[in-house]
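Computed from a prediction, not measured in an experiment: that's the story for all the values here. Side-chain atoms are counted along with the backbone in the values below, which use heavy atoms only and exclude waters and symmetry mates.
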Amino acid sequence: MAEKNREDYIIAVDGINKAFPNGVHALQDFSIRVRRREVLVIIGPSGSGKSTFLRCLNGLEEIDSGSIVVDGIPLDYKKQNRLEIRKEVGMVFQSFNLFPHLTVLDNINMAQILVRKKSKKEATETSMNLLRKVGIPEKARTFPNHLSGGQQQRVAIARALAMMPKVMLFDEATSALDPEMIGEVLEVMKTLAGEGMTMVVVTHEMGFAREVSDWMVFMENGSIVEEGTAEKLFTNPEKERTREFLSQIL
Amino acid sequence: MIDVVLFLCVLAGATWLVTDGTTKLGYNWQWYRVPRYIFTSENGRFTAGPLLEGLKVTLEITAASFFFAFTIGLITALCRLSSSVLARMVSRGYLELVRNTPLLVQLFFIYFVLSPIFDMSRFFSAVLALSLFEGAYASEIFRAGIVSIPKGQWEASYSLGLSGWDSYRWIVLPQAVRRVLPPLTSQAVSLVKDSALVSTIAVYDLTMRGQEIIAETYLAFELWFTIAAIYLTITVALSSAVAVIEKRMKVAA
C-alpha cells in the first residue's frame, strides 16, 4: 500500500497469527491497513483464511500473536476493549444469523436498546428508517423465517447498521443466497459504500469487487499473495497464482 | 378398519381380564364408602375430605419444588457451561452426587440428618429434597437446550456488542427454553409423582392421607385406585396445559 498518514487508518492489523487446534495455520504474519471510508475486498480460495481474518477483527476468534487496533482501541485481553470494538464494528454473516424468536423489528431494536441504551421508541424509529433503506419496511412485524433469504440478509444488514458502526464486515454475505436474490443484497452494500461506510468484504462476487472496492487483497494459505486496486488485480496481476485464481473464478 | 377390529379385541380382552380377575379375587368392593374421604357436603356446605386436604399439600409441595428445581436446574446448567473451573466442578459434583443416589435416601438424609441441624420443618425438608433431585435432571435438560442453539446465534449477538449475560438472557435462553419444553414437562410430571415419596417422612400429602384411611378402613383397592386417578388427573392436566403453551409459541415464532 502506498505511504499514507497513519492517522487515517481505522483498522491496523500487524503480523497476526492464528492457528486452530486441528493444526490449520489460518493466518500467518498477516498485516493490513484500512483507511476510513475505504472498501477493502478480500478474495481467495476457500480455506485461505479470509473469514478467519474477518472474525478476528471483532474478536469472534482470538489471535495467537500480533496486534489489531480498531479506531484507536487495541483488541487485547481486556473484555471492555473487545465490547467497545464490537459496538463500532458491524458484521453480516453468510448464514444471516437472525434471531428466530424475535420479529424483524425486535431483531433490529435489540442491540440499540441493550447496548446503546436507547428507549424503545427511539430504537423503533431508527429501525424503521433502516428497514426503509433496505427496502422492506412492510416486514417489520414478521418473523425472520417467513422471509426470503435475500430479505433476511437485508434485515441482518439493517440490524448491524442500527448500532451506527464505523466499520462493516461482510463475510460472504451473498454466498448462501439463490442467484436471483444476490442482486438485492449487493445493491444495499453498494449504497452503503457510496455513503462512505468503511467496509471489509469477503466475497466471490467479482463484479461487485471490481465496481465498489478501493483496494483488493488476494489471500491464500493465511497470507497475502497480492494486493492492489481492482483494476490492477483484474487486468495486470503480478503473481501467476493471482492470474490463475481469477481465471478460474471469472 | 383393521385398527378398529384390533382395538375392539384389545378392549374385550381387557374387560374379560378385569371381570375375571375381580371375581376370582373374591374382593368385596365397597366404592360407596370412598366419596366421603374426598369431600362431604351437608346442607349445601362443602367440606374437603382428607384426600382433598392431602391433595392440597401435594400441590403445595410440587409447586414450591417446581420453582426451586427449575431455578437450581438453570443455574447448574449455566455453571456447567461457564468458563470458571470452580463453577464447573461444583455443578458437576452436585449433579453426579444427586443423580447417582436414590431419592428416598436423599430424602431420609435431609430429613433425619440435616433438618435437626438446621431446624427445618418437614415440609421444607420435602421441598428441599425434591428440588435438589429434580433440579439435577432439569439442569441436564437446560444444558442440552442451550448447546443445541447454533453457534451463529452467539456470534450474531456478540458482534452486536451484547455481553455474555445479555446474549444468554435475550437470545439464547428464550430459544433454548422453547426447545426443551417437552422434556421439561416430563420432568414436571416426574416431580408430581415423586412427591408421593414425602409420605415416608410423615408429610400429610395425598399418598400419606390415603395410607392413613386404608389403615382405618381396609379399603385398600378402592383407595389406591382413587389416589392413582387423582395423580393421573394432575399430570394429564399439566401435560395438556404445556401442550397448549407449546402450540402458542410455535404460532408466535
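The main-chain N or O of B/S159 is never found under 3.5 Å from a side-chain atom of A/N58 such that the two would form a donor-acceptor pair. Proximity of a side-chain donor or acceptor of A/H101 to a complementary backbone N or O of B/W170 within less than 3.5 Å is detected.
The contact between A/F93 and chain B is made entirely by side chain atoms (from C-beta outward), counting heavy-atom distances below 4.5 Å. At a 4.5 Å heavy-atom cutoff, the contact between A/V89 and chain B is made by backbone atoms alone. Contacts between A/R55 and chain B at a heavy-atom distance below 4.5 Å involve the side chain alone, from C-beta outward. Residue contact with chain B, scored on non-hydrogen atoms closer than 4.5 Å, involves the backbone of A/L98 exclusively.
Top candidate by heavy-atom pairs under 4.5 Å with chain B, chosen from A/L102, A/L169, A/L60, is A/L60. Ranked by heavy-atom pairs shorter than 4.5 Å toward chain B, the options A/R159, A/E88, A/K87 are led by A/R159.
When all heavy atoms are compared, the tightest approach of B/G161 to A/V115 is O-CG2, 3.6 Å.
Taking a 6.0 Å sphere around CZ of A/F20, one finds it holds more than 12 heavy atoms contributed by other residues, nucleotides or ligands. Within 6.0 Å of CD in A/E62 there are 12 or fewer heavy atoms belonging to other residues, nucleotides or ligands. Within a 6.0 Å radius of CZ in A/R37, no more than 12 heavy atoms belonging to other residues, nucleotides or ligands are found.
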task: Determine, stepwise, if the pair A/M110 / B/D166 fulfils side-chain contact (heavy atoms from CB on, under 4.5 Å).
output: CA-CA 10 Å; A/M110 181 66 77; B/D166 277 342; over 6 Å; no
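Interatomic distance, CG of B/L160 versus CZ of A/F99, reported as 5.5 Å (0.5 Å rounding). Of the inter-residue distances, the one linking A/N97 atom CG with B/W154 atom CH2 reads 13.5 Å to the nearest 0.5 angstrom.
Contact check for A/K79 versus B/S163: no side-chain heavy atoms found under the 4.5 Å cut-off.
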